Amino acid sequence: MRKKLLIFLTFIGGLYYFVEWVMPAESGIEKTLTPFGQVTLVISGFAFLLGVINLVRLHGTRILKTRPGYYNSVALITAMIVMALAELLRFYLTPTPHWVDKSYEFLFVNMRVPIDSTIFSLLAFYMASAAYRAFRIKSLEAALMMSIAVIVMLGQITVGIWFSDMIFPAGYGLQDFREWLMKYWNAAAQRGILFGAVVGSLALSMRIWLSLERGSFFDREV
Amino acid sequence: MKKPWYEWIQSIDRRIIYLVVFVVVSLPFFIKIKLPMRPSEPTENLYNKVEQIADYNKTSTKKKCIFFQMDWTPSVQAECWPQTEAMIEHCFMRDIPFIIMGWAPEGPMLTQTIAEKRAKEHGKKYGEDWVNFGYKPMNLPAFLAFIKDVYSQINQDTEGTPIRNVPVMQNVESIRDVDLIFHVTGSGGVEAWIQYLQPETGTDVATGCTAIIGPEMYPYLDSGQLIGMMEGLSGAAQYEHQIGYIGKGTRGSGSQNLAHFWIIAMMVLGNVGYLFQRKQEREEKQRLEMAGE
Amino acid sequence: MHATYTMLLLSVLFCAPIIYFILVARKGREIYIRPIAGLAAIDEAIGRATEMGRPVLYVSGLARLDIIGLCSMAILSQVAKLCARYDLRLIVPTNNYLLYPIAQEAVREAYAAEGKTDIFNDEDVLYVPGQFPYAAACVGIMHREKVAANFFFGAFYAESLILAEAGNQVGAIQVAGTPSTMQIPFFVTACDYTIIGEEYYAATAYLTKEPTMLGSLVGQDIGKMTISVLIVLGVICMVLMALFSSVDSNWMIELLEK
Amino acid sequence: MATELEANDASRKRTELIVVLVISGAVLAYILIDMFRAMASPPDGQSGFGALFDRFMVGVAAICTIVIYSFLYKENPFYRFLEHVLVGLSVGFYTMLTWTQLLKPNWWDKLTGADGLPPNWYWLLAIFPGLMWYFQLSRKKVWLSRIIIMFFMGTGAGLSFKGIFNLLLTPGRGQIQQSFKPFLTRFGGGVVFTATNFNNIIFIVVILCVLSYFFFSFRHDKIKILPYSSTLGRYFLMVCFGTIFGTTVQGRMSLFIDRLTFLYTEWLKVLAG
């Protein structure tokens, strides 16, 4: 019974947009897009507390059982509450008091942004050591990939472009070669991948829409 | 027993590598070398498109505007900030009005900061030269509704004024009145605009993306679904070069040079050692086989 | 834009074979999938971990509760079974709160199936939200637990390099598989084996021998074949246009845009 | 032997500690001096304390940056602390934004009636499907949450048709039509073979080979060409990955350049902004 209901709802959910797509514009079905969009948006928005609840569950237990590193969990929960408060105050207090703006700026501009972008920028270093340790000519494939990578790299830095433009005739410099690689070789390969992915996602949509998914997980979860 | 050289050059401590990265990126901040630059094809196309809009606006009373879809977060601000800054600079220079919106919360906020900074120098005013819808979370159904009717989905801008009362919006009845979608992102998502908006309205879409997703965009550039692209920091630098503005992109290009060379050096070093080691091992094996016979 | 006749025709051409082969496969018809190199690597890695007696890390990346995530979970259950068989500790950090319970259930079931419930610890399946916190957490685990093998199956973004590199650092044997093209280069360079793009789904089907996925794969192959044929025909039309002045427009394009 | 090792270890730890203390001491000292310098001569239109606090905030940002980079030396509790703080900040931020930007304007205002609109109580109904998400948290009633999840997956599936076929077949811009590249060019009366045509041939060959690499169910022994084309396809994919690797190097370096720009210009102020 439950399963039937699920299958039915999935089908209905898909059917609306499928029909909207198939029907000609004259049918005027487009007018229904706006209200439908608004309602679905609100409904999906209601999930907004799930992440918080899960996080509080997880770290709450860590704190209560004072697991090693529980102070991190404390910091996490505190940061969460403070940030949420700042956002709320900034939104509801009009005109926003100076201290709220300052504290919000402090949390967002001076803590969240630097931490986030710095963690991301660690990648620059990992890239260097990966190039040194991991990027090995183990096979012809690797050799090909590596040489292409080097050409592309030289073709995108000003020194490389300037130098190659001095040596090679106009229109045959490294930048042009890079663009040629990008425009034909890369674009074509990417399009091949794209076609594969597109057909794949179409198949996936069919399976979901008609509830054809089976198998240990697919049965239980989709 | 002493390590052979090929093992030694393979066993440089990663911390030394990290240190050199720090140094090579730092140096160009203090030693400035100006090198010639020329825009890549996608960047030039984007520039020309914006120029087109500007020329159209000069003649007509109903100004066309650019829609900034800012889907970037602080983590990729290194690339997306300069791109956005260059585009905003261009818009202010050729007074093209623009609209800011984002599906990532931080994008519109940071873009607003940039716009305010640049506006001071150009004497532009919020509301008359640009408007910021702010962070508007949307799922696809909502996005389709948005395409059908902007005003149904968005009621207020970040200042809390109903967007119908914002001067910029006087020329924008629907999304069709937007002449260019400029989508800046560090994580893709421009497809939504290509797939659902462009076929409806025929609006041109351009993207400013982090260098890593640059290659993924080339099929769209080839098919014309994307009219132009700024590819990473170098894309931003090329664009700044075209509009004659020195921003983060141009300043970064010096460091890019040395950093790239260091990466290449690391690749070569690692592999030279690796290949020699392999050669030695092979010879060793052969010798043993000989001895075996 | 609303569906044109060509679009409808093509959608039938694409979808019909998919549905047909799924149903056929369900009926139990044998379906051939070309062997996926790199799947053998999973057993190899587990074997290595057993020798070392160190834990195994299974990273599902930023996969959400979508097909990528579910495929990842399907592979996870296979890995977990192997780990349970050889009394290995399996650590699974998940990034998505919907995937988290599924992963936990999958691992628990796998260990139960091998009768090793005693060595399964609920804490070993964790939930870490956020992209870089997640990556950092995985790196932390690799360092702290000295993992012997890393499996990267799921959706990956910028964090892939951090993960693969950190894996190298602790000298773990690594197997990766992901449809996120942008990250494959790093896995190719830093991992011992990598499963590329669409292969990921094929691998899942190959492992689970799950008729729906197998059937769907055949259907998709036919879809891709259709596209290739269209392209070839279109190109031929273009050549004809160049050769004969009587051909003034590309029939294929006209046909497709009807 | 063991004792010797321990001794080395201990000494290394000591040096590490000293280095850490020196660096952090220097950083803190600089921040303090900077703060009070700012207070002594605040920029016009700002109170002394305001200037001090501003510099303090920049100092905190710098500390965050440096602490994160300490991870490059080795994993340490400070780094882990900040990483937890980041999670907290992000989640708190996103959750509240969902309320203030999504639910408040699109639901609450319409429900209770804002800026002149009459309250529309029908919006109350949205709560029931909305609350279904939370049944995920209960092991027994989890299937109720499936209802809403499945509905959204269904809509996604229905939408994908439109998206996919628009992507492939948009008139003049479709991926498929745009793959019809001419191998020959008509020039004046005759037919010529230009560089573009050559590139087009590359383009088509690459597409077809790559596609053939992703054929999984066709038997390679039956269709004689497949083994060759798919091998070629893999090589072409490698070319593509090579370009990705190249551009990624640029991308990653930019990230670090950005952080250094912050440290040099905004914090240390050794460079003009």
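Protein chains get the first letters and strands the later ones, always in sequence-line order, with residue 1 at the start of each. Since the structure is predicted, the reported quantities are computational estimates derived from the model, not experimental observations.
Within residues 190-200 of chain A, the residues approaching chain B closer than 4.5 Å by heavy atoms are, in numerical order, A:Q190, A:R191, A:L194. Within residues 141-159 of chain B, the residues having any heavy atom under 4.5 Å from a heavy atom of chain A are, by residue number, B:P141, B:A142, B:L144, B:A145, B:K148, B:S152, B:Q153. Contacts between residues 47-55 of chain A and chain B, counted as heavy-atom pairs separated by less than 4.5 Å, involve no residue at all. Using a 4.5 Å heavy-atom cut-off against chain B, the contacting residues of residues 177-189 of chain A are A:R178, A:E179, A:M182, A:K183, A:N186, A:A187.
If you measure heavy-atom distances from B:R38 to chain A, the contacts under 4.5 Å come from both the backbone and the side chain. Proximity to chain A (any heavy atom under 4.5 Å) is shown, for B:V76, by both the backbone and the side chain. In this structure, the portion of B:M109 lying under 4.5 Å from any heavy atom of chain A is its side chain and not its backbone. With a 4.5 Å cut-off on non-hydrogen atoms, A:F108 touches chain B through its side chain but not through its backbone. For B:P215, the parts lying under 4.5 angstrom from a heavy atom of chain A are both the backbone and the side chain. Looking at B:T250, neither its backbone nor its side chain comes within 4.5 Å of chain A, counting heavy atoms on both sides. With a threshold of 4.5 angstrom between heavy atoms, B:S223 approaches chain A through its backbone and through its side chain. The part of B:M37 that comes within reach of chain A is its side chain, from C-beta onward, which places non-hydrogen atoms under 4.5 angstrom from that chain. Interface remark: A:F120 contributes side-chain atoms only to the contact with chain B (heavy atom separation under 4.5 Å). The part of A:S44 that comes within reach of chain B is its side chain, from C-beta onward, which places non-hydrogen atoms under 4.5 angstrom from that chain. Neither the backbone nor the side chain of B:L233 has a heavy atom closer than 4.5 Å to any heavy atom of chain A. Only the side chain of A:M146 comes within contact range of chain B, judged by heavy atoms closer than 4.5 Å.
Ranking A:D176, A:I157, A:T40 against chain B, the residue ahead of the rest is A:I157, based on heavy-atom pairs under 4.5 Å. Contact tally against chain A (heavy-atom pairs below 4.5 Å) for B:V21, B:L110, B:N139: the top residue is B:N139. Across B:S40, B:S253, B:A211, the residue that shares the most heavy-atom pairs under 4.5 angstrom with chain A is B:S40. Counting heavy-atom pairs closer than 4.5 Å to chain B, the top residue among A:G160, A:A124, A:S117 is A:S117. Contacts with chain A were tallied for B:P42, B:G273, B:S75; B:S75 has the most, counting heavy-atom pairs under 4.5 Å.
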- [ ] Show your reasoning for whether side chain to side chain contact (heavy atoms under 4.5 Å, CB included) applies to B:F261 and A:L154.
- [x] CA-CA 8 Å; B:F261 280 123; A:L154 289 174; 3.7 Å; yes
Task: Verdict with supporting geometry, A:D116 and B:Q77, side chain to side chain contact (heavy atoms under 4.5 Å, CB included) - done: CA-CA 10 Å; A:D116 198 352; B:Q77 68 177 4; over 6 Å; no
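A:Y132 OH to B:N271 CG: the interatomic distance, rounded to the nearest 0.5 Å, is 10.5 Å.
When side chains are defined from C-beta on, B:L140 does not count as touching A:Y17, because their heavy atoms never get closer than 4.5 Å. Under the 4.5 Å side-chain criterion, counting only non-hydrogen atoms from C-beta, B:Q256 is not in contact with A:Q156. Taking 4.5 Å as the limit, some side-chain heavy atom of A:R112 sits within range of a side-chain heavy atom of B:E106. You'll find the side chain of A:Y126 reaches within 4.5 Å of the side chain of B:Y18, heavy atoms only.
Counting non-hydrogen atoms of other residues, nucleotides and ligands closer than 6.0 Å to NZ of B:K32 gives a total above 12. Within 6.0 Å of atom OH in A:Y104, more than 12 heavy atoms from other residues, nucleotides or ligands are found, so the atom counts as buried in its surroundings. Residue A:F8 qualifies as open at atom CZ: its count of foreign heavy atoms under 6.0 Å is 12 or below. Heavy-atom contacts from other residues, nucleotides or ligands closer than 6.0 Å to CZ of A:F91 number more than 12.
Nearest approach of A:W162 to B:P36, heavy atoms of both residues: CD1-CG, 3.4 Å. Of all the heavy atoms in A:A128 and B:I263, the pair that sits closest is CA-CD1, 3.5 Å.
Between B:N257 and A:T158, the side chains place a donor N or O and an acceptor N or O closer than 3.5 Å (distance only, hydrogens not considered).
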